[in-house]
Asks: 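Handing you this structure, nothing more for now.
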Amino acid sequence: MRIILVCITAWFVAQVIKVILNTIKLVYDKVKGNEVKKVTIATLFKLGGMPSSHTATVISLSTCIGALEGFDSTMFAVAGVFAFITMFDAFMVRLPVEKLTEAFLTVREAVLGKDVKKLKKVEGHTIPEIIGGFITGAGIALLYLEFSPLFPEYVSIFN
């Protein structure tokens, strides 16, 4: 249960960072006179963007398992493969689908007009967003392991 708490925290921190970055972008765009997208509470649950919350979650899981069970353990191997598949999917599958969806929506709007119901757009991740999620997830896991009383069996990497 305690590793799940770490994973939820990593996801939440990544989402909060996303809201902060989107707010900064909104202010910058307003100053520049560009079109702005509102930052709402829904932004906290938005897919895509910097950092990848999916990556942060699976990397925090992998980091905790590696630190507690050993980086040569079967459990770490399973978590590592799971993390790789998640990150690979975000970049190699969801990102191209996002680009195809944008093209489809442009054609659909041109054919049917602007009055048609908007479709939800699937969003993928770029390499920098995945790296941001990796750093966020590993950082949160290491902070928990190092400073939280939830993991008394953890031997500090700083000793």
Asks: Is there a chain of hydrophobic side chains (I, L, V, M, F, W, Y, each step under 4.5 Å between heavy atoms) that links F84 to I127?
Replies: yes

Asks: Of all heavy-atom pairs between T86 and H54, which one has the smallest distance, and what is that distance?
Replies: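 Minimum heavy-atom contact is CG2-CB, 3.9 Å.
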
Asks: Under the side-chain contact (heavy atoms from CB on, under 4.5 Å) test, which residues partner I24, sequence neighbours left out?
Replies: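 Testing I24 for side-chain contact (heavy atoms from CB on, under 4.5 Å), a comparison that skips the adjacent residues, returns I20.
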
Asks: side-chain contact (heavy atoms from CB on, under 4.5 Å) with F12: which residues, sequence neighbours excluded?
Replies: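 F12 satisfies side-chain contact (heavy atoms from CB on, under 4.5 Å) with V16, L44 only.
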
Asks: In terms of hydrophobic clustering (I, L, V, M, F, W, Y; side-chain heavy atoms under 4.5 Å; direct or indirect links), are I8 and I135 co-clustered?
Replies: no

Asks: Quick check: does any side chain N or O of E146 sit under 3.5 Å from a backbone N or O of L143, one acting as donor and the other as acceptor?
Replies: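 Such a contact is absent between E146 side chain and L143 backbone.
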
Asks: Any pair with a residue in residues 12-24 that passes side chain to side chain donor-acceptor pair (under 3.5 Å), sequence neighbours left out, goes on the list, sorted by first then second residue, please.
Replies: Q15-K18, Q15-S53

Asks: Tell me which pairs pass side chain to side chain donor-acceptor pair (under 3.5 Å) where either residue lies in residues 60-69, with sequence neighbours left out.
Replies: none

Asks: With sequence neighbours left out, what residues match F71 under ring pair (Phe, Tyr, Trp, His ring centres under 6.0 Å)?
Replies: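 With neighbours one apart ignored, the set is F76.
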
Asks: Excluding sequence neighbours, so at least two apart, what forms side-chain contact (heavy atoms from CB on, under 4.5 Å) with M87?
Replies: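 For M87, the residues satisfying side-chain contact (heavy atoms from CB on, under 4.5 Å) (neighbours in sequence not counted) are T55, I59, A83, I130, F134.
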
Asks: Test question: given the 4.5 Å side-chain rule for I, L, V, M, F, W and Y, name all other residues clustered with V78, or answer none.
Replies: none

Asks: Nearest heavy-atom pair of A56 and A10: which atoms, and what distance?
Replies: O-CB, 3.6 Å

Asks: Please list all pairs passing the side chain to side chain donor-acceptor pair (under 3.5 Å) test where one or both residues lie in residues 75-85, with sequence neighbours left out.
Replies: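 Checked against side chain to side chain donor-acceptor pair (under 3.5 Å) - neighbours excluded - no pair reaches residues 75-85.
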
Asks: For L150, enumerate each residue passing the side-chain contact (heavy atoms from CB on, under 4.5 Å) test, keeping only those at least two apart in sequence or located in another chain.
Replies: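 Here the qualifying residues are R2, L5, Y144, S148.
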
Asks: Cluster partners of Y28, using ILVMFWY side-chain heavy atoms under 4.5 angstrom, listed by chain and number?
Replies: none

Asks: In Å, rounded to the nearest 0.5 Å, how long is the span from CG of L61 to CD1 of I3?
Replies: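 Answer for the CG-CD1 pair, L61 versus I3, is 6.5 Å.
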
Asks: As a test of understanding, state which of L68, I140, V6 forms a side-chain contact (heavy atoms from CB on, under 4.5 Å) with L145.
Replies: L68

Asks: Please assess T9 against V13 for the test side-chain contact (heavy atoms from CB on, under 4.5 Å), listing each intermediate value before the final yes or no.
Replies: CA-CA 6 Å; T9 303; V13 168; 4.1 Å; yes

